[in-house]
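When reading the values below, keep in mind they use all heavy atoms of this one structure, side chains included, and skip hydrogens, waters and symmetry mates. In listed order, ligands and their atoms are each counted from 1. Everything numeric here is computed off the predicted structure, so don't read it as measured data.
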Amino acid sequence: MDTPAALIDTVKMQRNLERMQQRADSLGVQLRPHVKTHKCAQVVAAQIAAGARGITVSTLKEAEYFFAQGIHDILYAVGMAPHKLPQALALRRQGCGLTLITDSLAGAQAIVDFGREQGETFAVMIEIDCDGHRSGVKPQDPALLEIARVLGDSLVGVLTHAGESYGLDTPEALQAIAELERARCVEAAERIRAAGMRCEQVSVGSTPTALSAVSLEGVTELRAGVYAFFDLVMHNIGVCGTDELALSVLTTVIGHQPEKGWIITDAGWMAMSRDRGTQTQKRDFGYGQVCDEAGELIDGLLLSSANQEHGVARFQGHEVEVVAQFPLGTRLRILPNHACATGAQFGSYHAVLESGDVEVWERLRGW
Ligand SMILES: Cc1ncc(COP(=O)(O)O)c(C=O)c1O
């Protein structure tokens, strides 16, 4: 196998999929995985086989790709840009059960107007802002009911994503934000219903909140994405161990600077991505945690800096004979900060099966 390569440990991945599915089942909600993490047909198939119903996507290209693979129930969970409506229409005309989201009157109006012109009733959810993190309309905002009225028959539900959860790292804080995510989204749905309108679906989720929620009363579905692979950011948040990370980058030692204790690898930032998500967390993993070829963590060895196609791995706090211990040609694996960003650097994964066999799994890229 050439390096750098994106490896999926399918045994770990399968455990991660089952763990999240069991949570959704025990909380009494449907799991609609966000496939933006992996953008890979084989991983989606494993998620569906584990019990997921429908998928969430971050681009219409993903919607087209996974619809062509036979997935019909697709939520495009990024605010709908009016110029993309013809692309969404084409998918619906082919029989895709595509749902769109919006958080504004202008957005709702554009969808409804275009639908009227084309004789199509789009399915739309209103995006709710539960934590001030990103987009969405506040549940108490008068605009919520105005947007709902404009959508009329197109309105199928409300959705929120507690992005502020990524900045937390205690079980108490995570439980509190999971409850906030649930309560705000349910509140929005109840306001819409109290005004005499239909609001069937209540969709919440991120990996940290999904794994921390105590109750999802009033919620119909959970969306989580990065749980399929997990990563060092999720480890620092406290929702997984390093032994649960299913994605790693296989790299080769290409040189040394012995006096500095440096091991040079052929995985730089082009392989790992520029994502330094752990930099602002309680433990900074540099560009990644280094493991041996079998995936066993090498204590204290981090990819401490990266150029485009060079990585510099260095032990933190102690000296090691790097040339003797990691000779030229040694293979290592690096656990990434952010699985979605690292995966996106590769056109395909090398999936390591339980038998030890390796399959190449295509990964979708671009928009
Ligand atoms: C709208 C939406 N839903 C769900 C998710 C999944 O979150 P996570 O990857 O933490 O599981 C994301 C992630 O960014 C998102 O933007």
Side-chain angles (χ1 to χ4, degrees), residues 13 16-17 19-21 23-24 27 29-40 43-44 47 50 52-60 62-63 73-80 98-103 107 124-137 157-169 174 177-178 181-182 184-185 188 201-213 216 219-240 244-247 273 275 277-278 281 336-344:
M13 180 190 86
N16 297 342
L17 302 190
R19 177 179 170 202
M20 188 60 82
Q21 189 62 51
R23 267 207 73 73
L27 289 161
V29 294
Q30 172 177 332
L31 178 62
R32 180 187 289 281
H34 206 316
V35 304
K36 75 191 179 73
T37 298
H38 51 76
K39 303 198 189 200
C40 174
V43 183
V44 169
Q47 289 175 312
R53 304 229 315 269
I55 60 169
T56 311
V57 298
S58 59
T59 65
L60 286 174
E62 284 164 59
D73 181 359
I74 302 179
L75 167 63
Y76 171 44
V78 172
M80 190 61 197
L98 180 71
T99 300
L100 310 177
I101 70 166
T102 188
D103 66 352
V124 185
M125 298 178 95
I126 302 176
E127 185 176 11
I128 306 301
D129 176 10
C130 65
D131 61 356
H133 183 75
R134 195 167 63 190
S135 37
V137 55
V158 286
L159 141 157
T160 198
H161 167 67
E164 286 293 292
S165 65
Y166 301 128
L168 306 175
D169 59 14
L174 288 165
I177 198 158
E181 184 182 55
R182 182 203 72 80
R184 294 272 157 86
C185 205
Q201 293 174 36
V202 180
S203 176
V204 304
S206 69
T207 291
T209 53
L211 292 173
S212 306
L216 285 183
V219 168
T220 59
E221 71 175 22
L222 194 56
R223 303 179 323 279
V226 75
Y227 75 96
F229 293 160
F230 283 126
D231 55 27
L232 293 169
V233 164
M234 290 294 137
H235 162 73
N236 274 347
I237 289 172
V239 293
C240 66
E244 290 172 287
L245 271 55
L247 180 71
S273 89
D275 199 304
T278 57
Q281 294 184 303
N337 284 314
H338 186 182
C340 313
T342 300

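- In summary, the atoms of ligand 1 found under 4.0 Å from a heavy atom of Ala224, numbered by their order in the structure, are 11 (O).
- An N or O contact shorter than 3.5 Å is missing between Pro208 and ligand 1 by distance.
- Residue Tyr166 has at least one heavy-atom neighbour below 4.0 Å for each of these atoms of ligand 1: 7 (O), 8 (P), 9 (O), 10 (O), 13 (C).
- With a heavy-atom cut-off of 4.0 Å, Glu127 does not touch ligand 1 at all.
- If you number the atoms of ligand 1 from 1 as listed, the ones under 4.0 Å from a heavy atom of Gly225 come out as 6 (C), 8 (P), 9 (O), 11 (O).
- Between His161 and His133, the ring planes lie perpendicular to each other; the angle is over 60°, past the 30° to 60° tilted range.
- Judged by distance alone, the side chains of Thr160 and Glu181 never bring a donor and an acceptor atom under 3.5 Å apart.
- What sits closest to atom 12 (C) of ligand 1 on the protein, heavy atoms only, is His161 CE1, 3.3 Å.
- The shortest N or O to N or O distance between Thr207 and ligand 1 is below 3.5 Å.
- A salt bridge links Arg32 to Asp73: at least one charged side-chain nitrogen sits closer than 4.0 Å to a carboxylate oxygen.
- When side chains are defined from C-beta on, Thr342 does not count as touching His338, because their heavy atoms never get closer than 4.5 Å.
- Of all protein heavy atoms, the one closest to atom 16 (O) of ligand 1 is Arg134 NH2, 2.9 Å.
- By the 4.5 Å heavy-atom criterion applied to side chains, Thr220 and Val29 are not counted as neighbours.
- In this structure, Ile237 and Tyr166 have side chains that are in contact, with non-hydrogen atoms separated by less than 4.5 Å.
- Near His34, the atoms of ligand 1 lying under 4.0 angstrom from a non-hydrogen atom of the residue are 2 (C), 3 (N), 4 (C), 5 (C), 12 (C), 15 (C).
- Considering backbone and side-chain atoms alike, Ala77 places every N or O at 3.5 Å or more from each N or O of ligand 1.
- Under the 4.5 Å side-chain criterion, counting only non-hydrogen atoms from C-beta, Arg223 is in contact with Leu75.
- With ligand atoms numbered from 1 in the order given, ligand 1 contributes 12 (C), 13 (C), 14 (O) to contacts under 4.0 Å with heavy atoms of Lys36.
- Remark: ligand 1 and Thr37 share no N or O pair separated by less than 3.5 Å (distance only, no angle test).
- In the vicinity of Gly205, heavy-atom distances shorter than 4.0 Å reach the ligand 1 atoms 3 (N), 4 (C).
- Between Tyr227 and ligand 1, no N or O atom pair is found at a separation short of 3.5 Å.
- Nearest protein heavy-atom contact of atom 9 (O) of ligand 1 is Val226 N, 3.1 Å.
- The structure places CD1 of Ile128 at 11.5 Å from CZ of Arg184, a figure rounded to the nearest 0.5 Å.
- When only modelled atom types and interatomic distance are considered, Thr278 and Gln281 share no side-chain donor-acceptor pair under 3.5 Å.
- When side chains are defined from C-beta on, Val124 does not count as touching Met80, because their heavy atoms never get closer than 4.5 Å.
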